[in-house]
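Chain A is the first sequence line, chain B the second, and so forth, proteins listed ahead of strands; every chain is numbered from 1.
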Amino acid sequence: MDQDPILANLNEAQHEAVVAPLSGQYQILAGPGTGKTKTLTSRVAYLMNTVPAKDILVMTFTNAAAREMRSRIKQLIPNNNEVSKLNVGTFHGECFKYLVRYGSRIGLSGKITIADPTDQAAIMKEIVNSAETTVKLEEFGYSSKLGKCYSNPTTKMNINLDPKHCIKKISEFKSHGYTEVQDFAKVCPNEFNSPIGMYIYRKYQDELEENGLVDFDDIIIKTRDLLKQCPDIVSNIQAVLVDEFQDSSTVQLELTVLFAKATGNITIVGDPDQSIYAFRNAQPENMRLLQKMFPNSKVIYLEENYRSTQPILDIAVGLIRRDRNRIGGDRLLKSQDSQNTTKKSLPVLAQFKSEKDEAAYVATQIKYLRDCSGTLFKYQDMAILARTGYASKKCELELAFNGIPYRVLGGFKFWDRAEVKLVVDYFRVVNSDNDRVAISSTINAPKRGFGPVTLTKLLTRVDDKTSIFTQLKQYAYDEEFREEHGLKIRKDALEGLDNYIKLIEGCRDILKEADALGPATCIRNILDHILEKTNLVKILAANDANNEEKRLENIELIRSQIDLVYQNDEMNDDGGAAEEDLNPLQTLLLSLSLGGDGEDSAYSNDRVTISTMHSAKGLEWPIVFSINTIDDHVARGGDKGEEEERRLLFVSLTRAKLLLYVSFATTLVKFGNEEEASMTRLLTGLEHHFKTCDKGKGTTNISWDMFVSYANFLRRPVPDRKQIQFASSATTVPSKSASFSGFTLASSVIERPQNKKRKPHIPSAPISRSLSIPTNNRTSLLNTSKQTRATGFRTPLMPSKPTPTLNSPNTLPHSHPIPPKRKTLGTRRGPINQKLPFT
DNA sequence: TGCCCTTAAATTTTT
DNA sequence: TTTAAGGGCA
Ligand SMILES: Nc1ncnc2c1ncn2[C@@H]1O[C@H](COP(=O)(O)OP(=O)(O)OP(=O)(O)O)[C@@H](O)[C@H]1O
C-alpha cells in the first residue's frame with residue numbers, strides 16, 4: 001500500500017493513470033462508478049507536486065460537477081492551500097475569465113455581459129418581427145407563409161422563424177466553432193444555408209455586439225479566437241485535464257487543444273454511455289477524435305465499479321445495452337462488493353396510484369431510513385432524482401411538510417424569478433450604458449407611463465456612436481433632440497424618464513464608492529437605492545397581501561445571496577480574474593450568469609438532495625429515489641431522442657451505491673386532466689431485476705443483519721443495535737392492493753383540508769428550487785440544527801401502525817415542525833417567472 | 001396608452 | 001389548470 005495519501009486506495013489502472021508522466025495525452029475511458037473522477041482529481045493532486053497550481057487547468061461542463069471536483073481535490077490534499085490557485089471550473093467559467101482579462105486583444109470592449117436565454121429570445125424576437133426582416137423575406141423570395149414558416153417556391157427552401165428555433169440553429173452552428181455564414185451549408189443546409197438564414201444570423205450577432213453581450217456559445221468561440229491569435233496568454237499552462245469529455249462540443253474539443261498549446265499535455269476522462277448533453281450539441285465522438293488528433297495518446301480502461309451493488313449495475317447494464325447508437329462494444333459493470341447479503345438485495349420498483357402517494361411514500365421512506373437506522377443513514381446520504389425541475393415539486397412539498405431538510409440542484413434558479421431578475425436587470429443597466437435588453441426590461445417596470453410607440457422610439461438607436469443610455473438622457477433633457485427625432489412624449493412619461501435616469505445615476509454614484517464601502521456593502525446599498533426609488537417593496541407588499549406567493553421575501557433574500565457571492569469570491573483566487581479586473585457589480589453579474597445558485601455553508605449539510613437527473617451526474621449517494629419514472633417524464637417524445645433519454649436514466653440509476661428505489665404513479669395530472677400512466681418503456685423487460693412493491697411483496701423491512709451488511713458496504717461503523725428500529729414494527733407495511741394504498745398514509749394520517757384553493761404554507765425559499773436558505777425558519781432552521789438529530793422528532797407523517805421510537809422522547813421544545821396553517825399538499829404552483837404585478 | 005375580452009398554448013435537461 | 005398573447009375599444 002502506498003504511503004502517499006494521494007496514491008492510497010487506487011487500483012493498478014488508476015494508479016497508472018495518476019502517476020503517468022506530465023507530458024503526453026491520456027484518455028481514461030470507463031463506465032460509471034469506476035473511479036474516473038477519483039483518478040482525475042488524484043492526478044491533479046499528484047501533478048501539484050511538480051507543477052505550480054496556477055499552471056494546471058481542470059475543466060468540466062456543469063457547475064455541480066465543477067464544485068464536486070474542487071471539493072474532492074481539497075479532500076485529497078486538505079492542508080495544501082495551493083489548491084485555491086488551481087484553475088478549476090466549467091468550460092464557460094474558465095473561458096470567460098480569459099475574455100475578461102484579454103478580450104480587448106480581439107476587440108471585445110471592457111464591459112461584457114452574458115446574454116441569458118431570455119435576452120437571446122428578446123433579441124431574436126425583435127429581429128424576426130422587424131420591418132427589415134419582412135423586407136428581406138420578400139427580397140429573397142419567401143412569398144408563402146404557414147404559421148412561422150416561410151418558403152421560397154422557386155428554391156423550395158423553407159425557414160422557420162420561431163425565435164427559439166432560430167436560436168437553437170444558430171447555437172448548433174456556433175457549437176462547431178463556425179463564424180463564416182457559408183458554413184451553414186455544413187450544419188443546416190436546407191434552412192439557414194440561405195440568404196435569409198445568413199441575414200438572421202448576422203443580425204443576431206450584430207445585435208449582441210451592439211448591446212455588449214456575448215451568449216454562451218460566444219464565450220467558447222471568442223476564447224477559441226483569442227487563444228488562436230494570442231497563444232502566449234496560455235503559455236504557462238502545463239497540463240489540461242477535462243472530466244466528462246463526452247459532453248464536449250466540437251469547438252470545445254478545439255479549445256481543449258488550444259489551452260494545451262504550450263505543452264500538449266492533456267488528460268481527459270469520459271464515458272460515451274453517459275453522454276446526456278447532445279441536446280446542447282455535445283459530440284461524444286470527440287473522445288475518438290482526440291485519439292485521432294494525437295495518435296500516441298494512451299488510453300486507460302477502468303473495469304471495476306466501486307460505487308454500487310451488483311443488482312443496481314445489472315439493471316443499468318440491461319438498460320444501456322439497448323442503446324442503438326452505442327459507441328464501442330458492450331461493456332460489463334462489475335461491482336467490487338463481495339458480501340452475499342448486499343449482492344442479493346434487489347432495488348425496489350414501486351407503483352402508486354397518484355403522484356401525491358408517490359411523494360408521500362418517498363418522504364416516509366426517507367424518514368424511516370434515517371430515523372430507524374441509528375446513525376447509519378443520514379439525510380445527506382439520500383437523493384431524489386427527477387427528469388425535470390418541476391417533476392420533483394410534489395416530493396419537495398412533502399419533504400417540507402414533514403420537516404425533512406433538503407437542498408435542490410438544477411431546475412429553476414433563484415435568480416430567474418421574475419422579481420429577482422428585475423433587480424438584476426437594474427444592476428445590468430447600472431453596469432453598462434449599452435445594455436439595451438436590460439434597459440428595455442427595466443425602463444417601464446414599474447410603469448413610468450411609456451406605451452409601445454414611445455418605447456420603440458426611446459430604444460431605437462439614432463446613430464451607432466451614441467450609447468443607448470446617453471440617448472435616453474438626450475431624449476429626457478434636450479428638447480431639440482426630441483423634436484429632431486420626432487419623439488412626442490407626455491409630461492408624466494417625461495418625468496418617468498427623468499426618474500429612471502436619476503435612479504441609475506444614483507446607483508452609479510454609489511458604485512464609485514465601492515473601494516471605501518467594500519463590495520458587499522456597496523452592492524447592498526445599490527440594491528436599497530433601487531428598491532427605494534422604484535417603490536418595489538411597496539408594490540410587492542401590496543401584491544403579496546392578496547397572494548400566496550411571497551415575492552417580497554425573495555427580494556430580501558437577494559441580500560444574503562449577495563453576501564454569499566463575495567464570500568465565495570474571496571475563497572478562490574484561481575487566476576484571480578475577479579478582483580483585479582472587475583468591479584463588484586461585474587463580479588456579481590458574472591457569478592449570476594455562470595455560477596449555479598449559492599450554497600450557504602452556514603446551514604447544516606445534512607440534507608436530502610433533490611436534483612434533476614442532469615445535475616446529478618458525477619455525484620453519488622447511498623440511497624437514490626428515481627421518481628416519476630414514466631414515459632411522459634423520462635422518455636417523452638417517442639423515438640426521437642430516446643437514446644439520450646435512456647442514457648440519462650442510466651446515469652440516474654448508477655448514482656446509487658446501495659439502495660435504489662424506482663417509482664412512478666399510474667395517473668398524472670396534465671393541464672387539470674387526469675391521465676393514465678405506466679412505467680417507462682425504457683425499463684420494460686427489466687422488472688425481474690427489481691423487487692416490486694405491490695402485491696405484498698417487496699417490503700422495505702430491514703433486518704439487523706442487513707443493517708450490518710449496509711454498514712460494511714459503506715465502510716461505516718455498524719450502528720448501535722439498540723438504536724435500530726426494526727422495520728417489522730416500524731414502517732411500510734406493504735399493502736395488499738396493487739396500487740399501494742397502504743402508503744397513502746399521508747392522507748389518512750394527516751388531515752388534509754378539502755379547500756383546494758389554499759396552497760401549502762411552505763417556506764418560499766426552498767421552493768424557489770435554489771436557495772438553501774430557509775425563510776420560514778420554523779421549519780427548516782429547526783430541522784437542520786444538530787439538536788434535532790439528537791432529540792429526534794415526530795411528524796404526523798408516519799406509518800399507520802404506531803412506531804416505537806427509541807430515541808425520540810416526543811417532547812420537544814418545538815414538537816411540531818408543521819406550520820399551524822396546514823394546507824392542501826400537491827397543489828401546483830404557478831411558474832416561477834410569473835408576471836409581475838405591473839407589467 | 002391601457003384595459004378587458006377571447007383564444008391559444010403550455011411543461012425538459014445546462015452553460 | 002394557468003398563463004401568455006392578440007385584438008378591439010375607451
Ligand atoms: N480504487 C478504489 N478503491 C476504493 N474506492 C474507489 C476506488 N476508486 C474509486 N472508488 C470510489 O468509487 C466511487 C466512484 O468513483 P468516481 O465518482 O470517481 O467514479 P466515476 O467513474 O467518476 O463515476 P461517474 O462516471 O459515474 O461519475 C467513489 O466513491 C470513489 O471514492
Which is it for A:E419 and A:N554 under the side chain to side chain donor-acceptor pair (under 3.5 Å) test, yes or no, and what are the steps along the way? CA-CA 8 Å; A:E419 64 277 17; A:N554 293 326; 2.8 Å; yes

Protein-nucleotide distance (A:F412, atom CZ; B:dT14, atom P), rounded to Å: 11 Å

Does OP1 or OP2 of B:dT15 have a side-chain N or O of A:N63 closer than 4.0 Å? yes

Measure NZ/A:K148 against P/C:dA5 and give the value in whole Å, please. 9 Å

Tell me: CG of A:N673 to C1' of B:dA10, nearest whole Å? 13 Å

Closest to the 5' end of DNA chain B, once A:S615 and A:L455 are matched to their nearest nucleotides, is A:L455

Please determine whether a side-chain nitrogen or oxygen atom of A:K168 lies at a distance below 4.0 Å from atom OP1 or OP2 of B:dT13. no

Taking B:dT14, B:dT12, C:dA5 as options, the one with an atom nearest any side-chain atom of A:R387 is B:dT12

Counting heavy atoms from C-beta on, name the nucleotide in B:dT15, B:dT12, B:dT14 closest to the side chain of A:T612. B:dT14

Give the rounded distance in Å between these two atoms: CG of A:L409 and C1' of B:dT13. 14 Å

Kindly assign one of parallel, tilted or perpendicular to the pair A:H92 and A:F216, based on the angle between their ring planes and the thresholds 30° and 60°. perpendicular

Determine whether any donor atom in the side chain of A:R280 lies under 3.5 Å from an acceptor atom in the base of B:dT15, or the reverse, and answer yes or no. no

Cation-pi check, A:R280 onto A:Y277 ring (under 6.0 Å, within 45° of axis): yes

Between A:T454 and B:dT1, is there a contact of a side-chain N or O with OP1 or OP2 at under 4.0 Å? yes

I'd like to check, for A:F279, whether its ring lies over the base of B:dT13 with centroids under 5.5 Å apart and a plane angle smaller than 30°. yes

Aromatic ring of A:F671 stacked on base six-ring of C:dT1, 5.5 Å, 30°: no

Looking at A:E643, I'd like to know if its CD atom is crowded, meaning that more than 12 non-hydrogen atoms belonging to other residues, nucleotides or ligands lie closer than 6.0 Å. yes

Could you state the NZ-P distance from A:K491 to B:dT1, rounded to the nearest angstrom? 18 Å

Please test A:F96 against A:T223 for side-chain contact (heavy atoms from CB on, under 4.5 Å), starting from the C-alpha separation and ending with a verdict. CA-CA 8 Å; A:F96 199 73; A:T223 309; over 6 Å; no

Hey, is the side chain of A:K413 poking within less than 4.0 Å of OP1 or OP2 on B:dT15, counting only N and O atoms? yes

Reckon A:K488 touches a base, only the sugar-phosphate, or nothing at all at heavy-atom distances under 4.0 Å? nothing

Spacing of A:M613 atom CE relative to B:dT12 atom C1', expressed in whole Å: 11 Å

A:F91 vs A:P452, nearer the 5' end of DNA chain B by closest nucleotide: A:P452

Write down the distance separating the C1' atoms in B:dT13 and C:dT3, rounded off to the nearest Å. 22 Å

Interatomic distance where CG belongs to A:L592 and C1' belongs to B:dT15 [whole Å]: 14 Å

Among the nucleotides B:dT14, B:dT15, B:dT13, which one has an atom lying closest to any side-chain atom of A:T388? B:dT13

Using the rule given for side chain to side chain donor-acceptor pair (under 3.5 Å), can you reason through A:E674 versus A:T667, listing the C-alpha separation, both sets of side-chain angles and the distance that settles it, and then say yes or no? CA-CA 6 Å; A:E674 195 162 276; A:T667 58; 4.6 Å; no

Between B:dT14 atom P and A:E172 atom CD, what is the distance in whole Å? 20 Å

